[in-house]
Amino acid sequence: LVSNSRSVGIIGAPFSKGQSRGGVERGPDLIRAAGLVQRLQEQGCAVKDYGNLSLEDAAAEEPLGELKSVRAVGSANRRLSDAVQAAKKDGHTSVMLGGDHSLAIGSIHGHTTAVGPLSVVWVDAHADINTPLTTYTGNFHGQPMSFLLHELRSYIPPLPNFSWVKPCVSARDLVYIGLRDVDPAEHHILKLLGVKAFSMSEVDQLGVARVMEETCDYLLKKPIHLSYDIDAIDPSVTPATGTPVTGGLTYREGVYISEYLCQTGLLSGVDLVEVNPLRGQTEEAVQSTVNTAVSVLVSCLGRVREGNPVPADYRLPEP
Ligand SMILES: N[C@@H](CSCCS(N)(=O)=O)C(=O)O
Ligand SMILES: [Mn+2]
Ligand SMILES: [Mn+2]
Ligand SMILES: [Mn+2]
């Protein structure tokens with residue numbers, strides 16, 4: 001009987017100051033309450049839940065120019081980086097539950113510190129690659145990738161509580177899937193750096209299976225960090241999120257991406273971010289969003305839709 005040998009470390013990151021809508025800090029506990037740990041254990045994973053980090057104890061702070069909550073974002077991500085590093089050194093596939101997408105700074109930084117250079121697959125309606133000088137909102141959830149890329153190092157000004165951040169991803173090792181709301185400055189950066197991106201046009205043109213084949217043919221054989229923004233999936237399925245954009249991935253496409261990356265055997269860390277219950281109009285809308293987040297995650301860790309073997313002996317007892 002095949003058993004799932006995956007060991008999973010869950011890190012709750014209840015943090016919302018990378019953007020301006022309260023509620024996204026409730027994501028970790030909502031995803032747990034929907035049964036993530038139990039589902040992973042049922043499919044044979046060994047699960048260590050590290051609990052929720054304490055990330056929002058800082059006092060309110062004045063914007064730094066346009067930039068909002070700079071010190072809070074820097075401090076939260078430093079703690080997250082340490083936590084992800086520890087979970088990886090414990091031998092787990094890290095699963096970071098957000099919280100907003102600014103948390104990818106700490107998650108990817110800590111993952112890289114623990115295991116070395118990574119491939120990054122960024123599933124999102126947005127590129128999240130504004131720099132502190134190109135952002136028009138001042139929200140750090142639209143900027144994380146700019147702090148992580150070696151090639152953008154000279155575009156990032158020194159910021160309070162950010163001196164610990166060392167760029168750790170090469171543009172060549174990054175692939176986007178699901179883009180459909182990219183700012184002009186972000187588009188310029190993607191072209192300048194030659195970043196591989198499958199927008200929703202390519203998903204429509206090629207189909208998700210071909211997108212995943214081309215993604216994995218393109219990526220070199222490094223451990224993969226999957227940073228999954230729930231807003232990549234269509235708002236008809238996952239409306240409870242801060243920046244919904246019509247024309248997203250179907251539920252099936254969203255799950256297929258996880259299944260495909262899981263079967264590469266290279267998936268080493270996952271972020272699931274931007275679930276915000278206060279953005280759902282109804283309880284059903286919130287539950288649809290949260291349940292989809294759970295489905296995406298369990299598919300990253302071995303669940304397949306054809307059915308999963310459970311180590312058990314169904315033979316009749318000896319007469
Ligand atoms: N590009 C916009 C929106 S970014 C949306 C962030 S997320 N993490 O994808 O929801 C900005 O920079 O604020
Ligand atoms: Mn452990
Ligand atoms: Mn997004
Ligand atoms: Mn995002």
Side-chain angles (χ1 to χ4, degrees), residues 13-27 63-70 73 76-77 80 96-108 120-149 152 155-156 169 174-190 195 197-200 203 225-249 253-254 257 270-280 289 292-293 296:
F15 185 70
S16 65
K17 294 183 177 175
Q19 46 88 66
S20 50
R21 296 186 171 107
V24 70
E25 72 284 353
R26 302 188 196 183
L64 189 63
E66 281 299 297
L67 302 173
K68 298 166 188 164
S69 302
V70 182
V73 171
N77 275 292
L80 178 59
M96 187 276 284
L97 305 178
D100 69 64
H101 221 160
S102 67
L103 293 164
I105 297 170
S107 181
I108 293 172
V120 175
V121 178
W122 196 279
V123 181
D124 200 327
H126 312 90
D128 297 357
I129 198 169
N130 275 301
T131 74
L133 301 181
T134 71
T135 177
Y136 66 90
T137 63
N139 294 328
F140 274 86
H141 76 158
Q143 303 176 54
M145 188 45 73
S146 76
F147 288 88
L148 295 165
L149 285 174
L152 293 179
Y155 293 69
I156 306 296
V169 178
L174 171 61
V175 175
Y176 283 100
I177 300 172
L179 298 181
R180 55 190 186 275
D181 183 9
V182 178
D183 300 341
E186 293 183 300
H187 186 262
H188 169 75
I189 289 168
L190 293 179
V195 173
F198 296 95
S199 74
M200 287 308 297
V203 172
H225 184 105
L226 170 62
S227 204
Y228 210 122
D229 187 325
I230 202 68
D231 73 29
I233 295 174
D234 192 84
S236 63
V237 179
T238 56
T241 191
T243 48
V245 185
T246 52
L249 298 166
E253 289 168 334
I257 290 168
V270 184
D271 308 325
L272 195 297
V273 296
E274 298 284 356
V275 170
N276 185 339
L278 300 186
R279 297 284 294 169
T289 306
T292 302
V296 163

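For ligands, and for the atoms within them, numbers begin at 1 and follow the listed sequence. The model shown is predicted, which means the values in this text are computed figures rather than measured ones.
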Backbone or side chain, does D229 get an N/O/S atom under 2.8 Å to the Mn ion (ligand 3)? yes

Are any N, O or S atoms from H141 nearer to the Mn ion (ligand 3) than 2.8 Å? no

With heavy atoms of D124 as the reference, note each atom of ligand 1 found under 4.0 Å away.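 The list of qualifying atoms is 9 (O).
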
One finds that the ligand 1 atoms under 4.0 Å from a non-hydrogen atom of H101 are 8 (N)

Distance-only, no hydrogens or angles: does the R180 side chain make a donor-acceptor pair with backbone N or O of T246 under 3.5 Å?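 Such a contact is found between R180 side chain and T246 backbone.
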
Just by distance, do the side chain of Y176 and the backbone of A127 share a donor-acceptor pair under 3.5 Å?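 Indeed, once roles are kept as given, a pair shorter than 3.5 Å links the two residues.
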
Of all N, O or S atoms in D124, which has the smallest distance to the Mn ion (ligand 4)? OD2

V73 and H141, any side-chain heavy atoms less than 4.5 Å apart: no

Closest non-hydrogen protein atom to [atom], residue and atom name please, with distance?
{"atom": "atom 12 (O) of ligand 1", "result": "N130 ND2, 3.0 Å"}
{"atom": "atom 7 (S) of ligand 1", "result": "D229 OD2, 3.3 Å"}
{"atom": "atom 5 (C) of ligand 1", "result": "H126 CG, 3.6 Å"}
{"atom": "atom 11 (C) of ligand 1", "result": "T137 OG1, 3.6 Å"}
{"atom": "atom 10 (O) of ligand 1", "result": "T243 OG1, 2.9 Å"}

Stepwise side-chain hydrogen bond (donor to acceptor under 3.5 Å, both in side chains) check, D231 with T243: CA-CA 7 Å; D231 73 29; T243 48; 3.2 Å; yes

Below a 4.0 angstrom heavy-atom separation, can you tell me which part of D128, side chain or backbone, both or neither, approaches ligand 1? side chain

Taking heavy atoms and a distance under 4.0 Å, where does D231 meet ligand 1: side chain, backbone, both or neither?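 Side chain only.
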
Verify the distance criterion only: is there a donor paired with an acceptor across the side chains of [X] and [Y] at less than 3.5 Å?
{"X": "H126", "Y": "D229", "result": "no"}
{"X": "D124", "Y": "H101", "result": "yes"}
{"X": "T241", "Y": "N276", "result": "no"}

N/O to N/O below 3.5 Å, does that happen between [X] and ligand 1?
{"X": "N139", "answer": "no"}
{"X": "T135", "answer": "no"}
{"X": "D183", "answer": "yes"}

For [X] against [Y], the heavy-atom pair lying closest together:
{"X": "I129", "Y": "L149", "answer": "CD1-CD1, 3.6 Å"}
{"X": "V24", "Y": "D100", "answer": "CG2-N, 3.9 Å"}
{"X": "A293", "Y": "L272", "answer": "CB-CD1, 3.5 Å"}
{"X": "W122", "Y": "P144", "answer": "CH2-CG, 3.7 Å"}

Have a look at the Mn ion (ligand 4) and estimate, to 10 degrees, the angle subtended by OD2 (D128) and ND1 (H101).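 Reported to 10°, the angle equals 90°.
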
Could you name the option among G18, A104, G142 that has the heavy atom nearest to atom 4 (S) of ligand 1?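 Minimum heavy-atom distance to atom 4 (S) of ligand 1 goes to G142.
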
To which of E274, H141, E186 does the heavy atom nearest atom 6 (C) of ligand 1 belong? H141

With the Mn ion (ligand 3) as the point of reference, which N/O/S atom of D231 is the closest? OD2

Please name the atom of H126, limited to N, O or S, that comes nearest to the Mn ion (ligand 3). ND1

Given N130, which partner from the list T137, N139, D183 fulfils the side-chain hydrogen bond (donor to acceptor under 3.5 Å, both in side chains) test? D183

